[in-house]
Structure formats: C-alpha cells, structure tokens
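Positions are given from 1 along the sequence.
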Amino acid sequence: MTLTMPDAMRLLELFHQRDYAQARPHLYVKSLKSDGWIRPKGMRVVPSNLDIEILGLESEQWETIPFKDVSFGLW
C-alpha cells in the first residue's frame, strides 16, 4: 500500500487522539534502519520531501521514512 498525504494526516490524527503510552492498541511503524516494528514516541510529516519522521520510544532518535515505504500497525 502506498501512503498518501491524506493517509499520513489521518495517521497523525489517530496518533494524537489517544494516549498510546497508557491505552491500547499501540501504534507501531516499520523501521527501515532496524527492519523491525517500533513504537513511536513522536511523529511528524515532512510534506516537502514526502517523508514521515518517527521518534523511537526506546531509541529516542528520529528516523525518516519515505511515504512509499511506511508500514504501520495497531496492536
């Protein structure tokens, strides 16, 4: 599935509507760096580059992922 700008905005709305530190389901994003699923502490969209940036909950580092490569899940 290709992530579009409206998809990214809906994803960010979902992320901000719930307290994912306390409530379930948790949002996870597929990390290209680690080739694994990570739970983001923060997210932001970079529309000029068509990228999404995620701040890893455990790593405390930002990772930039192109929209076309973003995979996410709730569990």
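- Shown here for Phe67 and Ile52, the closest heavy-atom pair between the two residues is CE2-CB, 3.9 Å.
- For the atom pair CD of Glu53 and CD1 of Ile65, the computed distance is 10.0 Å after rounding to the nearest 0.5 Å.
- When the side chains of ILVMFWY residues are joined at heavy-atom separations under 4.5 Å, either directly or via intervening members, Met43 and Leu32 end up in a single hydrophobic cluster.
- To the nearest 0.5 Å, atom CD1 of residue Ile54 and atom OH of residue Tyr28 are 12.5 Å apart.
- Criterion: ILVMFWY side-chain heavy atoms under 4.5 Å apart, direct or through other members. Under it, Trp62 and Val45 are not part of a common hydrophobic cluster.
- The environment of Glu60 atom CD is dense: over 12 non-hydrogen atoms of other residues, nucleotides or ligands sit within 6.0 angstrom.
- A donor-acceptor pair under 3.5 Å links the side-chain atoms of Glu63 to the main chain of Lys33, judged by distance alone.
- Side-chain heavy atoms closer than 4.5 Å link hydrophobic residues (I, L, V, M, F, W, Y) into clusters, and following such links, even through other members, never connects Leu55 to Ile38.
- Here the CG atom belonging to Asp51 is positioned 11.0 Å from the CZ atom belonging to Arg44, to the nearest 0.5 angstrom.
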